[in-house]
Number of protein chains: 2
Amino acid sequence: MNEHAFWPPPPRTIMTPGPVEADPRVLRAMSYPILGQFDPAFTAMMNELMGMLRRLFRTSNRQAYPVDGTSRAGLEAVLAGVIEPGDRVLVPICGRFGHLLHEIAERYGAEVTVIEREWGTAFDPEEIIRAIRRHRPKVVALVHGETSTGRLQPLDGIGAACREYDALLVVDAVATIGGVPVNTDDWQLDAVVGGTQKCLSVPSGMAPLTYNARVERLLAGRRRIERGLRSAGEGTSARPYIRSNYLDLCQLQDYWGPERLNHHTEMTAMLYGLYEGVRIVLEEGLEARFRRHRMHERALTAGLAAMGLRLFGDPSCKLPVVTCVNIPEGIDGESVRSMLLDAFGIEIAGSFGPLKGRIWRIGTMGYSCNMRNVLLTLGALEAALLRHGMRVPAGQAVQAAMDVYAEEQAVQTG
Amino acid sequence: MNEHAFWPPPPRTIMTPGPVEADPRVLRAMSYPILGQFDPAFTAMMNELMGMLRRLFRTSNRQAYPVDGTSRAGLEAVLAGVIEPGDRVLVPICGRFGHLLHEIAERYGAEVTVIEREWGTAFDPEEIIRAIRRHRPKVVALVHGETSTGRLQPLDGIGAACREYDALLVVDAVATIGGVPVNTDDWQLDAVVGGTQKCLSVPSGMAPLTYNARVERLLAGRRRIERGLRSAGEGTSARPYIRSNYLDLCQLQDYWGPERLNHHTEMTAMLYGLYEGVRIVLEEGLEARFRRHRMHERALTAGLAAMGLRLFGDPSCKLPVVTCVNIPEGIDGESVRSMLLDAFGIEIAGSFGPLKGRIWRIGTMGYSCNMRNVLLTLGALEAALLRHGMRVPAGQAVQAAMDVYAEEQAVQTG
């Protein structure tokens, strides 16, 4: 590919489950000039961001800050922090990202017990609670929004059961934060990890997270100040320290906290982007934002139905921000995706593992979740399907979505 | 601090050893719109960047790509990849970042042997070669540019000795890449890690690195495809796999390589920034860039001498891009730094450990390394020192630096 074909990057309408389009305000913020990491203006911004993240996660936890890496860096930081070799960890799995939690927990020496369900379903919380009772894990790690299958895992009662059996509940909310309610305190979640490049609509690169005093107490026993910063005998503890230095939550919280102990060099531009992105979310208001995601999901699914396409998976646990569509019999799903990208500049996703080649995944997340994108995507998908020889009732998909928007507007204007 | 005091960020002249000012072209690139990580335009950009990084590192290594994290993430990825528990690692230390290599190696289970020298000096390569002969380590890890003390470690002959004794040489070139020659192939360096936020003048957030076939062979024995992606029995190996998932070089090279195995979601905006930053470096030309750094160092040190300030450390191994100044007797170094920041918007650095409160560190790196910044810094430092009651020959520092620039111009115009 000639450089001119990719630099500067061509415009895209991104309707995948992430990374999605970033708000122009976020992109502009990322181009603000550099501040030093210990500049008082920068540390003030860090403190302000912590307060904003608490509101985003709906928590009063002291600890709420981003890890400087993509979403899985945040997941690994939390799991590396709470897991000591030999610890029992329970991972309910019904999609690709459940497997990732298993993978990370295992790498940090956990004895992992897995319970699995078919891809396209979610667990009844009672199933998970029974497994907690049976296995008595130290940590339960699960995925809230499983993007590989487009399912939302209900969390009711799981937090309470974890307290009862003295387990810590770690939740991957990478796909849900900012698009679907994540009620950290109400649901008694001990640690929650969000993602930037999905419903927050900030480029990939940071993993905002929060954890409570139960996790802090555990971490306190593993604290180890870095060589070159600690005095003789200071800042080491008897329990096994955390394997990773870069993803050591004890060090990260000493860096984000009033100690401001030098660790990595904070990612200036990413921090600006996250700051502006969370500001936008809080300006819109969480409840209004969740309603907006529901509305565009309704328009998108009405359009898909009008085209005669069938949704994949158990509808009772559909993730509002990802819509999975069965690829129709006889249609080459990858060929349709390529046509959407090459001719229309619109990106939708395929999936993984058992669902590879079987479904398309269409995201309606954050800034990408808007009427223009939904209508353009429906129109282009229809055209691509017609071009692939499928009989589609021409024009109806877009009309069905427009009907939904008209209805919504009628309701809103009363 | 009121939000208006930090958002949008106030302008700064940044003369620390990093993060330094980013080139406006880089900042602009970071605001380009998002591409999906498997968009052909994005993967073409990734491939192009790999070629550019090979030129930057002066290597023909197949592996040259960024790790998605700050510089220490790159160092940890390399050390986690080459160190198996119980391996012998030799770390020569004469500053804070040598201690960091020790810390990381130890966390990954190495038996670390340290040789130490006083801060402000560097090792004679022969001392390191003797230690290799004595300890027969599997890995030698050392810092090329030690920013905490402003010293440059000469590397001649160390790579050859490592081959002779079958050790791998891992080099932290975070502070030197793009500012001082880093001749990966000529010096027989097995793995080299650079930083973005110093001489490349890209915001912190990625760690470009390269490693050769010797390292690749070692990694091949530790490859493990992630759960949820691998088929039964596929992609696991007998040797201990790498502890971290996020920083697993085997997985990262499968993501950057033609396999394109899904791993993290590549940091879109950071990648744009790094791409543009390295493009700027290669447009300027490496040799021209090194000369430019030398010229501004000469102007800065002439100005400091004219003010009667004394440089810290062994001049024979001074790092051209960081100038360390002894804080004069009776002067409160932090008070001077605050005045520079608050009144002039200019940031210089203090140091760590035994040098805390004893020296200032002034960086001349990348985009920050220019005449305007050097002259403004000298003028402001003079004013701050006068304000702190020090007798300084007023006006002479800036004049001395201007003399250097005039001389340089005379030479260039011939």
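In what follows, chains are A, B, ... by sequence order, proteins preceding strands, each numbered from 1. Computed from a predicted structure; not experimentally measured.
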Which atoms of [X] come close to chain A, meaning under 4.5 Å heavy atom to heavy atom: side chain ones, backbone ones, both, or neither?
X        : answer
B:Arg12  : side chain
B:Ala269 : both
B:Pro11  : neither
B:Val67  : neither
B:Leu341 : side chain
B:Thr16  : neither
B:Met270 : side chain
B:Tyr108 : both
B:Phe42  : neither
B:Glu103 : both
B:Asn47  : neither

Which residue out of [options] racks up the most heavy-atom pairs below 4.5 Å with chain B?
options                                : answer
A:Ala44, A:Gly205, A:Gly273, A:Pro9    : A:Pro9
A:His99, A:Gln37, A:Arg72, A:Met30     : A:Arg72
A:Tyr272, A:Phe38, A:Tyr275            : A:Tyr275
A:Gly95, A:Pro19, A:Ser148             : A:Pro19
A:Met206, A:Lys356, A:His263, A:Glu276 : A:His263
A:Leu247, A:Leu75, A:Leu27, A:Val202   : A:Leu27

Within a radius of less than 6.0 Å around CZ of A:Arg25, do more than 12 heavy atoms belonging to other residues, nucleotides or ligands occur?
yes
With a 4.5 angstrom heavy-atom cut-off, could you sort out which part of A:Ser71 is near chain B: side chain, backbone, both or neither?
neither
Against chain B, label A:Tyr32 side chain, backbone, both or neither, depending on which of its atoms sit under 4.5 Å from a heavy atom there.
both
With a 4.5 Å cut-off on heavy-atom pairs, point out which of [options] contacts chain A the most.
options                              : answer
B:Glu347, B:Met45, B:Arg279          : B:Met45
B:Ile14, B:Asp68, B:Thr268           : B:Ile14
B:Pro203, B:Ala77, B:Ala73, B:Gly195 : B:Ala73
B:Ala5, B:Ala29, B:Gly353, B:Pro40   : B:Pro40
B:Gln197, B:Arg107, B:Met267         : B:Arg107
B:Thr43, B:Ile242, B:Asp342          : B:Ile242

Report yes if some heavy atom in the side chain of [X] is under 4.5 Å from a heavy atom in the side chain of [Y]; otherwise report no.
X        : Y        : result
B:Leu100 : A:Arg227 : no
A:Thr70  : B:Tyr246 : yes
B:Glu76  : A:Ser244 : yes
B:Pro10  : A:Leu35  : yes
A:Ile34  : B:Val20  : no

Will you find, in the side chains of B:Glu48 and A:Trp7, an N or O donor that is under 3.5 Å from an N or O acceptor?
no
Decide salt bridge (Lys or Arg N to Asp or Glu O under 4.0 Å) for A:Arg96 and B:Glu226; before the verdict, give the C-alpha distance in whole Å, the side-chain angles of both, and the deciding distance to 0.1 Å.
CA-CA 10 Å; A:Arg96 156 136 167 70; B:Glu226 190 168 296; 3.0 Å; yes
Should A:Ser204 and B:Glu266 be marked as a side-chain hydrogen bond (donor to acceptor under 3.5 Å, both in side chains) after you check the CA-CA gap, both sets of side-chain angles, and the distance that decides it?
CA-CA 7 Å; A:Ser204 170; B:Glu266 188 56 24; over 6 Å; no
May I ask you to say whether B:Arg224 pairs ionically with A:Glu106, meaning some side-chain N is under 4.0 Å from a carboxylate O?
yes
